[in-house]
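Throughout, protein chains are lettered first and strands after them, A, B, ... in sequence-line order, and every chain is numbered starting at 1. When reading the values below, keep in mind they use all heavy atoms of this one structure, side chains included, and skip hydrogens, waters and symmetry mates.
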Amino acid sequence: MARAGLVTSPPSPAWCVLGRGGGGRTVLVLLPAEGEELSHRDCAPEELAEAVARIEAEHSPRWVWSDAAAWYPRLLAAGVTLERCHDLRLVHRILRHSELVREADGLRAADEWDTPLDPYEPPRETGATLFDIDAGSSRSGAVPGEIEETLAELTRQREAIDGSREAPRLRLLIAAESAGALIAAELQAAGIPWDVVEHDRILTEALGPRPSPGAAPERMVSAAAEVRTALGDPLVSLDSPPKLLRALHRAGIDVSSTSQWELQGHEHPAVEPLLRYKKMSRLLTANGWAWLDEWVHEDRYRPVYVPGGVVTGRWASSGGGALQIPRRLRPALCAAPGWLLVSADVSQLEPRVLAAMSADRQMIAAGAGKDLYSGIVEAGIVTTRQEAKVGVLGALYGGTTGDSGRVVPRLRRTFPEAMALVDGAAATGERGGTVTTWLGRSSPAPEESWTLAQRTANQPDAPAGEQERSRRSERDRGRFTRNFVVQGTAAEWALSWMAALRLRLARFPEVAEDERASASGPVFSRRAHLAFFLHDEVIVHAPAEQAEAAATAIRESADAAGRLLFPGSPIDFPLDLQITERSAEK
DNA sequence: GGAAACAGCGCG
DNA sequence: AAAGCGCGCTGTTTCC
C-alpha cells in the first residue's frame, strides 16, 4: 500500500514556505493543518540554516520554495538535509501543460515561473550576500522567490492540482519531480568520487603523455601524419569536415560525410588512421586533461544536473557532461578508501514501462524475472536477441526500415496492447494532438505555425511537394509523441526509484568520518549516499560495511517504484547490481 | 566580431 | 550495418 501512503496525506501535513522578505531577510511561513494557527517568522541569512534545521527536526514539513537549485545548496553546505520539498518552478512547468489540469489559465498567466533558472547564474535569493538589495520594494512585477509571489504561486498550483481530473497521479508526479530537485542538488554537493590518476592513465595510454598547452598529443600527431600521407595531402585539416571531405574525394573515397559509420565501409589506407584520429580527438576535446582541470577537484567530479531539463521529464546536464561520460572513462569512477560503489541499472526499463502501462500480459510475461529480449526469443517471435532488441527499439522509436521495420509487424501481432498504446500515441501526434505520461506530464502542443502549415498542405489543391513535406513533418511528430509517453513514464519510474532510495539511505546510521570520503562534505561522508544517476542507472557510494544494505535498499526501492506507479501489476523491474571499488567499463 | 547553426560523436 | 527517440559539448562554419 505504498501508493495510498503517499496519496492520502498524513493528518498534519505542515508546509513550510521559504521566500525572500525585506532587508535581505528570509521569511518562513508555516502552513499548518486545518484548525491550527498559521505562523511565520523571518531571519537573517546567517540564521537560516539553523532555523530550517530546527523546523525540519520538529515538524518535518514539505518545504516550498521557488527552486531547490536556488535554496538547497547553501543549506547542504551548512550540513542540513531535508526530507521533502515542493519545487514551484519545476511543478509550474508540469502543471501548465498537463492535460490532467482542467483550468491552467492562472498558471499560464504567471509566465515568470516558466523560465528555467540558469544553473551558471549565482542564486539570486535569500540575501545571503552582503550586497543583497531589497528587491521586493523596487520591482513592479511578480518575482519568483519573493515570499508574496511564492505564496501566490503555491495557491495557484494547489488549486490546479485539487481541481484536476486525476489529482492522486499528479501529486505523485509532483512529489517525484520535487524529490528529483533535492537529489540533483545533493548529487552535486556529494560529487562523484573520481580517480584523477586513473583518468590520466587512460588518457596517456590512448593519446600519449599530456602535451604542453596548445600542442597535440603524440599519438594524435602521428595518426594525423599517417592520414595526410595516405591522402597525399600534407596540409589538410582533419578537424574541418568540409576540408576533410574534399580531401577524401580527391583521394577517391566516395563518402557524403566524414562521419565514422560512413568511413568504415571503405578500404582506403587513410580510413583506419583517420578513424583512430577521430576517436582520440573526441576523447581529448570532450574529456581530456582540460576537462579534468576544470571539473575534478579534491577527488570529486561535480557536474551540474538539470532535473526536468528534457521535455519528456528526463534530466539534462549543463556543464561537465554528467550524462555523457564515455564508458572507457568509467574506471576513473572509484570509491574512496574503505568505501565501495554499489552500481545498479534496470534491464530494459522502457519496454517494461510500456508493458506495464498497456497491461500487455504477453509482454509482461516475456520479461518476467529475466531478460526481456531473451524472453521474446523464447516465445518464438524472433530467432536472436539482437533481432528482439532492434524490433523493440523500433516499436518505441517508430522505426520503419531495415531489420526493425521487418520485426515490428510481428511484435504488433504478439503484443497487441503494447503496440496499440505507442501506435495510438503516434497517431495523436500526427494529428497535432498532445499525449500524456502515466503520471500526467503532457507533451508540448505543436507550434501554431505547424498546425497552420499542415492545414494548408492538406488542401486538395496544395502542391504535391508541399503535401509530401507535410506528411513527413506529421510522421516526425508522431515518432516524437510515440516515444514521449514511454520515455517520460520511464523517467517517472526512475525518479520514484531514486526518491525511495534516497529516503532509505538517509536512515542509515552514521559511521566514523573517513579522511578521503570527507571530500564529499559534512553531509555525505558519514553514510551511504547517491553519487551518480544516468536515466536508468544509479551508483551509491557507501562505507564498505554499508554496501550490502545499500544494495538491498536499491532493490527494495525498485520494487517500491514499480508498485507505486503500477499497483497490482505483475510487472517487475530486475536490476543488474554490482558492488565494486571501481566502476566497470562494460 | 559575436551569435547561431551545423557536424560529429558521446550517453540512455 | 543502420535506423527510429531524447539529450550536451566541442570545434568549425556561416550569418548578420
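The shortest distance between the side-chain N/O atoms of Gln487(A) and the OP1/OP2 oxygens of dC7(C) is not below 4.0 Å. Of the side-chain N and O atoms in Lys279(A), none sit less than 4.0 angstrom from OP1 or OP2 of dC9(B). Side-chain nitrogen and oxygen atoms of Ser240(A) include at least one within less than 4.0 Å of the OP1 or OP2 phosphate oxygen of dT13(C). The side chain of Arg479(A) contributes an N or O atom lying less than 4.0 Å from OP1 or OP2 of dC5(C). Using a 4.0 Å cut-off, some side-chain N or O of Thr258(A) falls inside it from OP1 or OP2 of dG8(B). One finds no side-chain N or O of Gln324(A) lying less than 4.0 angstrom from the OP1 or OP2 phosphate oxygen of dG6(C).
With hydrogens and angles left out, the side chain of Arg314(A) and the base of dG12(B) share a donor-acceptor pair within 3.5 Å. Evaluation of atom-type donor-acceptor distances gives no pair under 3.5 Å for the side chain of Asp403(A) against the base of dA3(C).
The nearest whole Å value for the distance from the CD atom in Glu294(A) to the C1' atom in dT10(C) is 12 Å. Note: OH (Tyr305(A)) to P (dC9(C)) measures 13 Å, nearest angstrom. Rounded to whole Å, atom P of dG6(C) lies 9 Å from atom CG of Asp476(A). To the nearest angstrom, P of dC9(B) lies 11 Å from CD of Glu262(A). Atom CG of Leu323(A) is separated from atom P of dG12(B) by 10 Å (rounded to the nearest Å). Between the CD atom of Glu430(A) and the C1' atom of dG4(C) there is a distance of 14 Å, given to the nearest Å. The interatomic distance linking Arg477(A) (CZ) with dG6(C) (P) rounds to 11 Å, in whole Å. What separates NZ of Lys389(A) from P of dA3(C) is a distance of 16 Å, to the nearest Å.
When each of dG8(B), dG6(C), dC11(B) is scored by its nearest atom to the side-chain atoms of Arg282(A), the top-ranked nucleotide is dG8(B). Distances were taken from every side-chain heavy atom of Tyr397(A) (C-beta onward) to each of dC11(B), dG12(B), dG6(C); the shortest belongs to dG12(B). Across dG12(B), dG8(B), dC5(C), the shortest atom-to-atom separation from the side chain of Lys278(A) is found for dG8(B). Closest to the side chain of Thr285(A), out of dC7(C), dG11(C), dT13(C), is dG11(C).
Checked for salt-bridge contact, Asp233(A) and Arg250(A) meet the test: a charged N lies under 4.0 Å from a carboxylate O.
Residue Gln260(A) is classed as a sugar-phosphate contact, given heavy-atom separations below 4.0 Å to backbone atoms only. Backbone-only contact: Ser259(A) has heavy atoms under 4.0 Å from sugar-phosphate atoms and none from a base. Among the heavy atoms of the strands, none lies under 4.0 Å from Leu396(A). Across all strands shown, Val390(A) has heavy atoms under 4.0 Å from base atoms, whether or not it also approaches the sugar-phosphate. At a threshold of 4.0 angstrom between heavy atoms, the contacts of Ser257(A) are confined to the sugar-phosphate backbone, with no base atom among them. Looking at heavy-atom distances under 4.0 Å, Gln264(A) makes contact with sugar-phosphate atoms alone, never a base. Residue contacts shown for Ile325(A) are limited to sugar-phosphate atoms, with no base heavy atom under 4.0 Å away.
Nearer the 5' end of DNA chain C, as judged by each residue's closest nucleotide, is the contact made by Gly394(A), out of Gly394(A) and Pro241(A). Both Trp261(A) and Lys243(A) lie close to DNA chain C; mapped to their nearest nucleotides by heavy-atom distance, the more 5′-ward contact belongs to Trp261(A).
Taking five base pairs at each end of the helix from dG1(B)-dC16(C) to dG12(B)-dC5(C) and finding the rotation axis that steps the C1' atoms of four pairs onto the next four gives two axes whose angle is 10°, to the nearest 10°.
Contact record, Ala223(A) with Arg276(A): CB-NH1, 3.9 Å, taken as the closest heavy-atom pair. The two residues Leu263(A) and Val271(A) make their nearest non-hydrogen contact at O-CG1, 3.5 Å. Across all their heavy atoms, Ala270(A) and Val227(A) have their closest contact at O-CG2, 4.1 Å. Here the closest non-hydrogen pair linking Gly429(A) and Trp450(A) is O-CH2, 4.1 Å. The shortest heavy-atom contact between Ala426(A) and Thr481(A) is CA-OG1, 3.8 Å.
In this structure, the side-chain hydrogen bond (donor to acceptor under 3.5 Å, both in side chains) partners of Asp293(A), at least two apart in sequence or on a different chain, are Arg210(A). With sequence neighbours excluded, the residues that form a ring-ring contact (aromatic ring centres under 6.0 Å, His included) with Phe484(A) are Phe480(A).
Base orientation at dG4(C) is syn, since its O4'-C1' glycosidic dihedral falls within 90° of 0.
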Original post:
Could you walk me through whether Ser256(A) and Glu262(A) pass the side chain to side chain donor-acceptor pair (under 3.5 Å) check?
Top reply: CA-CA 8 Å; Ser256(A) 64; Glu262(A) 197 168 359; 3.0 Å; yes

